[in-house]
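The analysis underlying the following values was restricted to heavy atoms, covering all of them including side chains, and did not include hydrogens, waters or symmetry mates. Counting convention: from 1, in listed order, for ligands and their atoms alike.
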Amino acid sequence: MTILSGIQPSGVLHLGNYLGALKQFIALQNEGHAYYCIVDLHAITVPQEPEQLRQNTLSLAAMYLAAGLDPQKSTLFVQSHVKEHAELGWILNTIATMGELERMTQFKDKTSGVKGQGSVTVGLFDYPVLMAADILLYQPHIVPVGEDQQQHVELTRELAKRFNHRFGETFRIPEVRLQKEGARIMGLDNPNKKMSKSASSPNNYIALTDDAETIKKKIAKAVTDSGTEVISGKDKPALTNLLTIMSVLSSKSIPQLEKHFAGKGYAAFKKELAETVIESLAPLQNEYQKLMGTPQTLKKILEDGAHRARSVATKTMEQAREKIGLLK
Ligand code: AMP
Ligand code: TRP
């Protein structure tokens with residue numbers, strides 16, 4: 001089985017990225033060959049400070065490895081190192097429609113509040129087409145992502161089918177793979193919106209690099225629902241979110257946790273939750289610190305990864321070029 005996914009190097013990773021994506025990436029590397037991409041060309045669809053972008057790219061590589069990615073088993077690489085991503089992105093642009101892209105909810109979210117289209121970049125609009133190229137180049141069977149990316153994977157399937165139909169079988173149609181629990185972690189300060197690094201307050205998220213004190217403080221401040229019992233449910237979005245986090249990290253089911261906290265109240269729950277988060281992140285944080293001290297090793301891993309990725313991407317690209325009639 002071939003697996004492909006990507007994460008943007010646009011700042012800190014948070015618990016939502018970990019539970020919705022990264023944790024699943026690591027688990028999947030034993031089920032087939034995985035390609036994990038650091039999508040720097042996606043990151044620049046919003047303004048980035050050049051030096052910071054370089055730093056974020058290395059730090060995301062360190063985070064993948066710290067979380068358990070084994071560069072012998074999986075291919076870890078930087079999107080812009082494999083030029084075929086941009087090339088296939090362009091070709092897919094010629095079969096994707098404006099209407100299709102206008103329907104993407106992430107684009108609508110990112111541009112809501114912006115008056116007129118004058119300041120919205122073409123790159124931001126076109127983002128899902130580049131993502132389709134990332135995926136289709138590697139002919140993956142599955143694409144593990146958080147729920148917010150599901151619509152983009154559906155568009156990818158649609159574009160692959162359209163291309164195959166028009167020009168002949170070229171791309172495998174990939175399946176989306178969502179986590180059963182944790183596919184959509186909500187903000188700690190607002191359980192009705194997903195946890196996000198672009199949130200206005202750092203109390204929205206727990207960064208994977210937050211220290212123990214910060215984690216305790218953020219969880220203590222997390223909003224809860226009315227009532228006193230630690231229970232999940234449709235009318236308890238905040239508690240459901242916190243219980244989900246605890247459940248995935250502790251491998252205990254939500255009903256088990258509800259039983260454990262029966263009669264104990266929110267303060268006791270938050271205290272244990274903070275301990276669970278701190279303990280779960282500690283090994284990852286230690287490893288991350290070590291890796292960040294060896295940038296040359298990180299760069300070597302990314303170079304090897306790009307080399308392997310390129311050998312697959314060029315093959316797919318050759319077929320695509322041939323099918324559409326580009327002169328050899
Ligand atoms: P990004 O940081 O936007 O590149 O996202 C990287 C991965 O994390 C993608 O697979 C997202 O679907 C996933 N992800 C981002 N935010 C969340 C969240 N709040 N809950 C679950 N998964 C998320
Ligand atoms: N758009 C994804 C996100 O923001 C990142 C991404 C880019 C991706 N290319 C991809 C995810 C290919 C999966 C496969 O999370």
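Using a 4.0 Å cut-off between charged side-chain N and carboxylate O, Arg308 and Glu303 make no salt bridge. One finds no salt bridge joining Glu229 and Lys236 here, because no Lys/Arg side-chain nitrogen approaches an Asp/Glu carboxylate oxygen to under 4.0 Å. Asp148 and Lys194 are joined by a salt bridge, as a carboxylate oxygen and a charged side-chain nitrogen come within less than 4.0 angstrom of each other. Salt-bridge annotation for Arg157 and Glu175: present, with a side-chain N of the basic residue lying under 4.0 Å from a carboxylate O of the acidic one. Looking at Lys217 and Glu213, no side-chain N of the basic residue comes within less than 4.0 Å of a carboxylate O on the acidic one, giving no salt bridge.
Counting only heavy atoms of the protein, atom 5 (C) of ligand 2 lies nearest to Gly6 O, 3.6 Å. Shortest contact from atom 4 (O) of ligand 2 to any protein heavy atom: Tyr127 OH, 2.7 Å. Nearest protein heavy-atom contact of atom 10 (C) of ligand 2 is Met131 CG, 3.5 Å.
Listed by number with element, the atoms of ligand 2 under 4.0 Å from a non-hydrogen atom of Val145 are 11 (C), 13 (C). Counting atoms of ligand 2 from 1 in the listed order, those under 4.0 Å from a heavy atom of Gln8 are 4 (O). Under a 4.0 Å criterion applied to the non-hydrogen atoms of Leu4, ligand 2 contributes the atoms 12 (C), 14 (C).
With a 4.0 Å heavy-atom cut-off, ligand 2 is reached by no atom of Val153.
Ser59 has its side chain within reach of Met292: a pair of non-hydrogen atoms, C-beta onward, lies under 4.5 Å apart.
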What does the contact table look like for ligand 1 (nitrogen or oxygen on each side, cut-off under 3.5 Å)?
{"unit_1": "ligand 1", "atom_1": "2 (O)", "unit_2": "Asn17", "atom_2": "ND2", "d": "3.2"}
{"unit_1": "ligand 1", "atom_1": "2 (O)", "unit_2": "Lys197", "atom_2": "NZ", "d": "3.0"}
{"unit_1": "ligand 1", "atom_1": "4 (O)", "unit_2": "Gln8", "atom_2": "N", "d": "3.0"}
{"unit_1": "ligand 1", "atom_1": "5 (O)", "unit_2": "Asn17", "atom_2": "ND2", "d": "3.4"}
{"unit_1": "ligand 1", "atom_1": "8 (O)", "unit_2": "Asn17", "atom_2": "ND2", "d": "3.1"}
{"unit_1": "ligand 1", "atom_1": "10 (O)", "unit_2": "Gly146", "atom_2": "N", "d": "3.1"}
{"unit_1": "ligand 1", "atom_1": "12 (O)", "unit_2": "Gly146", "atom_2": "N", "d": "2.8"}
{"unit_1": "ligand 1", "atom_1": "12 (O)", "unit_2": "Gly146", "atom_2": "O", "d": "3.4"}
{"unit_1": "ligand 1", "atom_1": "12 (O)", "unit_2": "Asp148", "atom_2": "OD1", "d": "2.4"}
{"unit_1": "ligand 1", "atom_1": "19 (N)", "unit_2": "Ile185", "atom_2": "O", "d": "2.8"}
{"unit_1": "ligand 1", "atom_1": "19 (N)", "unit_2": "Met195", "atom_2": "N", "d": "3.4"}
{"unit_1": "ligand 1", "atom_1": "19 (N)", "unit_2": "Met195", "atom_2": "O", "d": "3.0"}
{"unit_1": "ligand 1", "atom_1": "20 (N)", "unit_2": "Ile185", "atom_2": "N", "d": "2.8"}
{"unit_1": "ligand 1", "atom_1": "22 (N)", "unit_2": "Gly16", "atom_2": "O", "d": "3.2"}

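Between Tyr36 and Tyr64, the ring planes lie parallel to each other; the angle is under 30°, not in the 30° to 60° tilted range. Using bins of under 30°, 30° to 60° and over 60° for the plane-to-plane angle, the ring pair Phe77/Tyr138 lands in the tilted bin.
Residues Phe171 and Phe163 place their aromatic rings such that the two centres sit under 6.0 Å apart.
Nearest residue to atom 7 (C) of ligand 2 from Gln79, His42, His152 is His42 (criterion: closest heavy atom).
Exactly one of Ser232, Ser253, Ser247 qualifies for a side-chain hydrogen bond (donor to acceptor under 3.5 Å, both in side chains) with Glu258. That residue is Ser232.
Considering backbone and side-chain atoms together, Asp134 places an N or O closer than 3.5 Å to an N or O of ligand 2.
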